[in-house]
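Okay, so here's the structure we're looking at.
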Amino acid sequence: MSPTAANVHRAPQAALGHVTFLGAGPGDPGLLTLRAVEALAGADVLVADPQVLDVVGKHARAGVDVPQPEHDEASASAAAPALRDAANLVMGAARSGKRVVRAVIGDPGLDADAGQEMLACAAEGIPFEVVPGIATAVGVPAYAGVPLRSAEGADVRFVDARTASDRCWTEVGASDATAVVSTTLDSVAAAAGELVAAGRKPDTPLTVTVAGTTTRQRTWNATLGTIAQVLKAAKVLPSPDGGQPVIAVVGEHSAAAQRDQLSWFESKPLFGWKVLVPRTKEQAASLSDQLRSYGAVPHEVPTIAVEPPRTPQQMERAVKGLVTGRYEWIAFTSVNAVKAVREKFEEYGLDARAFAGIKVAAVGEQTARSLVEFGVKPDLVPSGEQSAAGLLEDWPPYDPVFDPIDRVFLPRADIATETLVAGLIELGWEVDDVTAYRTVRASPPPAETREAIKGGGFDAVLFTSSSTVRNLVGIAGKPHNVTVIACIGPATAKTAEEHGLRVDVLSPEPSVHKLAEVLAEFGAERRAAAVEAGEHVTRPSERRPGARRRRT
């Protein structure tokens, strides 16, 4: 009997993948939506516009495939396209069953030609979703301090100058709507001329913003009739960078007097400052976040490297002593000490449960946070100064009635001071002072970083210890005299001065976060002085300032 169509075995069709069209916003990494971060974490393949790859890449999982469009020389004379564009990469990955994220600048529906890629997915039955993003034409004016609508509810028109027709210019020019024009720096004057020719008055206020929502953002106030002269006077044009995109807002809402009150982003105290943070990325993470909140651009340069102790036996005996009940306390004086003990635990197959019955002390909040991440809640964190001295002030003396064991395990660096050991002994405790890690001078940073340090490319540098001063100067050279020097305390300031540096900012307490806060206050005062004098606000690296007062 002949087989029928119903009982013929067919190989199952390969499952198709899924595509997420994702808007990455105008440039500020903080503008990614929660759904965008979630989609990135689950992607097998990430196809991103070059402008947003850094923004979205940090949220993708380890091992994600990030293909780049490439020129195929072999097909240059054939019918196949010479450039494997993003659409081809997306479709190829989706056909093979991958979960693809297609990340575009701004919003997929307003800033990118993602509609054609969506139609291609629909034509092949590939499921897709759209994660909206902050559109460039909406986000940039918000960061420039230019509201697009008011209580009167004026119309808003969005114009792409590259594709705008004569009819478009005529309609926008004849109306009183707020016009948001996407163009380039060297074409903005031509766009203004189109609007004037179509009926807008030459004295209509205009703002032009470049690199919007990033710490490179800069905004100019002008009118339709004066924008060419304003950009020329600011020495922005002519320029080889004239092709960079800008957002121009035309209308009364962009008037200079109003923007002076609403320009919240560019008026941050350290806006655009390039700040050198001579610590490792792990140590500098929260400090760098704080600097970004002030508008700065932190640049982390490790000045020390952490290595295991030369003889590990002492550390191994101490960790085993934790498990066998040798210690009443363990005191952590750094994040690196926590990391060293944690790595040794993992080597022995132990976890945070091994701390059961042992009191745990942390020298400060950052060390305490690293313990909490390990699953250990510290019993003692200094209530005052976050240092060995502050820890000793709160440390209880040994009491044979309440303390069944009189011994403390102190894992620390090979170059640590004896302050804590001596203080604990004075309080009646026996101390196992164990080298958990060694600190050595880090390798020199890249040549361009060294040149920026010595040539005045940084606006400020934060020194958090005397060793960071000595090591930075040793591996990269002495910071230029235009660079603002900020020190965590008098001892660090003295070391900086011994190396020929002028100290501008001195923290009133030994806290990296207080140091950043006082640097921000210094920047705010500097900005206020320039505004009061009617001068353009500049960064230290942009010009040599006059005499500056130390901030304490």
Margin query: I need the minimum non-hydrogen distance between Leu22 and Val56, along with the two atoms involved.
Written below: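 The pair with the smallest heavy-atom distance is CD2-CG1, 4.3 Å.
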[Y] backbone acceptor or donor facing [X] side chain under 3.5 Å:
X      : Y      : value
Gln244 : Asp241 : yes
Arg539 : Gly272 : yes
Asp44  : Arg99  : yes
Ser254 : Pro205 : yes
Thr213 : Asp28  : yes
Ser187 : Ala190 : no
Thr226 : Gln229 : no
Glu129 : Phe21  : no
Ser334 : Ala337 : yes
Arg526 : Thr538 : yes

Check: When Thr483 is tested against each of Asp459, Val461, Ile453 for side chain to side chain contact (heavy atoms under 4.5 Å, CB included), which residue passes?
Finding: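 Only match with Thr483 under side chain to side chain contact (heavy atoms under 4.5 Å, CB included): Val461.
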Notebook entry, point to check: Less than 6.0 Å separating the ring centroids of His18 and Phe128?
Noted result: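 Ring-ring flag for His18/Phe128: false, centres at least 6.0 Å apart.
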Checklist line | Any Leu46 side-chain heavy atom under 4.5 Å of Leu53 side chain | finding: yes
Item checked: Val159 and Val180, any side-chain heavy atoms less than 4.5 Å apart ->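 Result no, sub-4.5 Å side-chain heavy-atom pair not found.
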